[in-house]
Peer 1: 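Sharing a structure here in structure tokens format.
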Protein chains: 2
Amino acid sequence: MLRLSRLTDYAVVALVRLGRAEAVETSPGIAAAIGLPEPTVAKVLKALACSGLVVSQRGAHGGYRLSRPLHAISVAEVILAIDGPIALASCVDGAAGCESQSLCPVAGRWDPVNDAIREALTGITLADMEEAAVPRAFRLPAELSAATAGE
Amino acid sequence: MLRLSRLTDYAVVALVRLGRAEAVETSPGIAAAIGLPEPTVAKVLKALACSGLVVSQRGAHGGYRLSRPLHAISVAEVILAIDGPIALASCVDGAAGCESQSLCPVAGRWDPVNDAIREALTGITLADMEEAAVPRAFRLPAELSAATAGE
DNA sequence: TCAATCAGTACCGTTCTGGTCCACAATTGG
DNA sequence: CCAATTGTGGACCAGAACGGTACTGATTGA
């Protein structure tokens with residue numbers, strides 16, 4: 001299913017949440033706000049801080065805040081922070097670990113595919129996702145039908 | 001890592017192989033040709049046959065052949081056949097299984113991302129991958145260094 | 001100095017993937 | 001008409017990865 005780790009989903013939610021916050025927010029606070037277990041949220045935030053997407057402030061009255069506005073953060077960056085490099089196959093780029101390399105007729109040839117995906121993901125920012133993230137209950141029936149028609 | 005199942009990789013290899021074959025090929029034959037265990041290849045071919053990408057012929061002197069030329073098969077179709085629907089998150093489209101839907105501020109909003117990926121993958125055919133799949137032993141050192149420099 | 005908060009690590013249970021095997025159906029060829 | 005060949009479908013198992021949790025330490029502010 002070309003799955004993305006669930007943690008990345010959490011990361012997007014947390015980042016959007018932070019984008020709306022005015023001051024720093026603690027990880028328990030964010031966890032409560034988005035309805036997720038606190039340790040998990042903390043783990044996600046740590047990874048995001050490690051990648052520089054959020055800035056952490058330690059000590060009392062500390063917490064997290066965005067390092068950049070939402071429209072300056074691409075989905076690709078979030079995935080990179082949580083899931084690691086964006087690549088579809090284990091056999092990627094110059095990966096020399098493939099034992100059947102001599103037989104494999106497409107040796108590492110997922111590269112164009114990976115590039116295409118990277119490009120697609122870089123073009124979408126969190127602001128785009130936030131904009132489309134109006135709760136369904138608040139959307140007009142016309143919006144809903146228009147959205148489903150496009151799928 | 002935004003992983004794709006290894007079976008999909010196998011599927012591409014097998015399909016490219018079939019694209020070069022002149023007659024039908026048996027699954028043991030393909031397995032031997034691409035250096036993969038036979039039962040695994042058989043499983044992949046079954047899935048591909050189920051999706052109509054290859055045509056199976058039962059009985060003695062049976063085997064598999066492509067239903068369409070390589071340039072008419074997109075990577076997206078192969079992924080769809082092996083891995084199922086192309087979607088990044090478990091929380092997709094109208095998926096109503098999300099228990100924290102009321103809290104989730106991006107409820108199902110991976111849709112634009114999924115669409116972008118689907119589009120990118122649909123634009124790449126197996127012929128594109130085959131073309132780029134010149135065995136490394138046959139490539140000039142200049143090509144190899146140029147390829148690695150791009151990473 | 002103490003409390004609040006992030007940082008890092010280590011661990012466990014569940015789930016999924018990859019891989020194997022077996023019984024059955026279909027087709028060909030003698 | 002029979003037997004050999006080949007795909008079909010399902011069940012099954014081991015290993016790894018993921019999600020989630022707990023614990024200890026470091027840092028900051030009151």
Side-chain angles (χ1 to χ4, degrees), chain A residues 1-11 13-14 18 23-32 34-65 67 79 81-84 87-91 97-100, chain B residues 1-11 13-14 18 23-32 34-65 67 79 81-84 88-91 97 99-100:
Chain A
M1 212 236 300
L2 192 60
R3 281 175 33 214
L4 189 65
S5 85
R6 207 181 307 175
L7 293 185
T8 307
D9 199 349
Y10 299 165
V13 178
L18 276 176
V24 297
E25 267 193 297
T26 69
S27 64
I30 297 175
I34 64 184
L36 255 37
E38 188 270 332
T40 301
V41 173
K43 179 188 267 188
V44 169
L45 288 171
K46 268 184 279 191
L48 294 176
C50 198
S51 300
L53 290 180
V54 301
V55 175
S56 66
Q57 170 127 14
R58 297 171 84 152
H61 296 85
Y64 294 96
R65 63 179 173 82
S67 65
I79 296 177
I82 305 293
D83 273 353
L88 259 69
S90 45
C91 173
C98 195
E99 71 282 351
S100 58
Chain B
M1 213 238 299
L2 191 60
R3 280 178 33 216
L4 188 65
S5 87
R6 205 181 308 175
L7 293 186
T8 307
D9 199 348
Y10 300 165
V13 178
L18 276 177
V24 297
E25 267 192 300
T26 68
S27 65
I30 298 176
I34 64 184
L36 254 38
E38 187 270 332
T40 302
V41 173
K43 180 189 264 187
V44 169
L45 287 171
K46 269 185 279 189
L48 293 176
C50 198
S51 300
L53 291 180
V54 301
V55 176
S56 67
Q57 171 127 13
R58 297 171 82 152
H61 295 85
Y64 294 96
R65 61 179 174 81
S67 65
I79 296 177
I82 304 294
D83 274 351
L88 260 70
S90 45
C91 173
E99 70 282 351
S100 58

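All of these numbers come straight from a predicted model, not from anything done at the bench. Only this structure's heavy atoms are used, side chains among them; waters, hydrogens and symmetry mates stay out. Each chain gets a letter, A, B and so on, in the order its sequence line appears, and its residues count up from 1.
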Peer 1: Separation of Tyr64(B) atom OH from dT6(D) atom C1', in whole Å?
Peer 2: 9 Å
Peer 1: Applying the side chain to side chain contact (heavy atoms under 4.5 Å, CB included) test to Ile82(A), which of Leu48(A), Asp9(A), Leu4(A) qualifies?
Peer 2: Leu48(A)
Peer 1: Does Gln57(A) or Thr26(B) map to a spot on DNA chain D nearer the 5' end, using the closest nucleotide for each?
Peer 2: Thr26(B)
Peer 1: Show your reasoning for whether side chain to side chain contact (heavy atoms under 4.5 Å, CB included) applies to Val24(A) and Leu18(A).
Peer 2: CA-CA 8 Å; Val24(A) 297; Leu18(A) 276 176; over 6 Å; no
Peer 1: In whole Å, I'd like the distance from the CG atom of Leu4(B) to the C1' atom of dC16(C).
Peer 2: 15 Å
Peer 1: What is the distance, to the nearest angstrom, from the CD atom on Glu38(B) to the P atom on dT8(D)?
Peer 2: 12 Å
Peer 1: Let me know the distance between NZ of Lys46(B) and P of dC22(C), rounded to the nearest Å.
Peer 2: 14 Å
Peer 1: Taking only the side-chain nitrogens and oxygens of Tyr10(B), find out if one of them lies under 4.0 Å from OP1 or OP2 of dT17(C).
Peer 2: no
Peer 1: Using atom CZ of Arg6(B) as one end and atom P of dC16(C) as the other, report the distance to the nearest whole Å.
Peer 2: 18 Å
Peer 1: Compare the minimum distances between each of dT21(D), dT8(D), dT5(D) and the side chain of Ala60(B), then state the nucleotide with the smallest one.
Peer 2: dT5(D)
Peer 1: DNA chain C: Lys43(A) or Arg58(A), which has the more 5' nearest nucleotide?
Peer 2: Arg58(A)
Peer 1: Where do Thr26(A) and Gly62(A) come nearest, in terms of heavy atoms and distance?
Peer 2: CG2-O, 3.7 Å
Peer 1: Within this structure, what is the CG-to-P distance between Leu48(B) and dT8(D), rounded to whole angstrom?
Peer 2: 11 Å
Peer 1: Grab the two heavy atoms, one from Gly52(A) and one from Ser67(A), that are nearest each other, plus how far apart they are.
Peer 2: O-OG, 2.8 Å
Peer 1: Please tell me if the side chains of Leu7(A) and Tyr10(A) come closer than 4.5 Å, counting only heavy atoms from C-beta onward.
Peer 2: yes
Peer 1: Check this one for me: any side-chain N or O of Thr40(A) less than 4.0 Å away from OP1 or OP2 of dT21(D)?
Peer 2: yes
Peer 1: May I have the distance from Leu45(B) (atom CG) to dG19(C) (atom P), rounded to whole angstrom?
Peer 2: 14 Å
Peer 1: Please work out if Leu7(A) contacts a base, only the sugar-phosphate, or nothing of the nucleic acid, heavy-atom cut-off 4.0 Å.
Peer 2: sugar-phosphate
Peer 1: Between Ser27(A) and dT5(C), is there a contact of a side-chain N or O with OP1 or OP2 at under 4.0 Å?
Peer 2: no
Peer 1: Can you tell me if Ser5(B) touches the phosphate of dG18(C), counting only side-chain N or O atoms and a distance under 4.0 Å to OP1 or OP2?
Peer 2: yes
Peer 1: Rounding to a whole Å, what distance do you find between Leu18(B):CG and dG7(D):C1'?
Peer 2: 14 Å
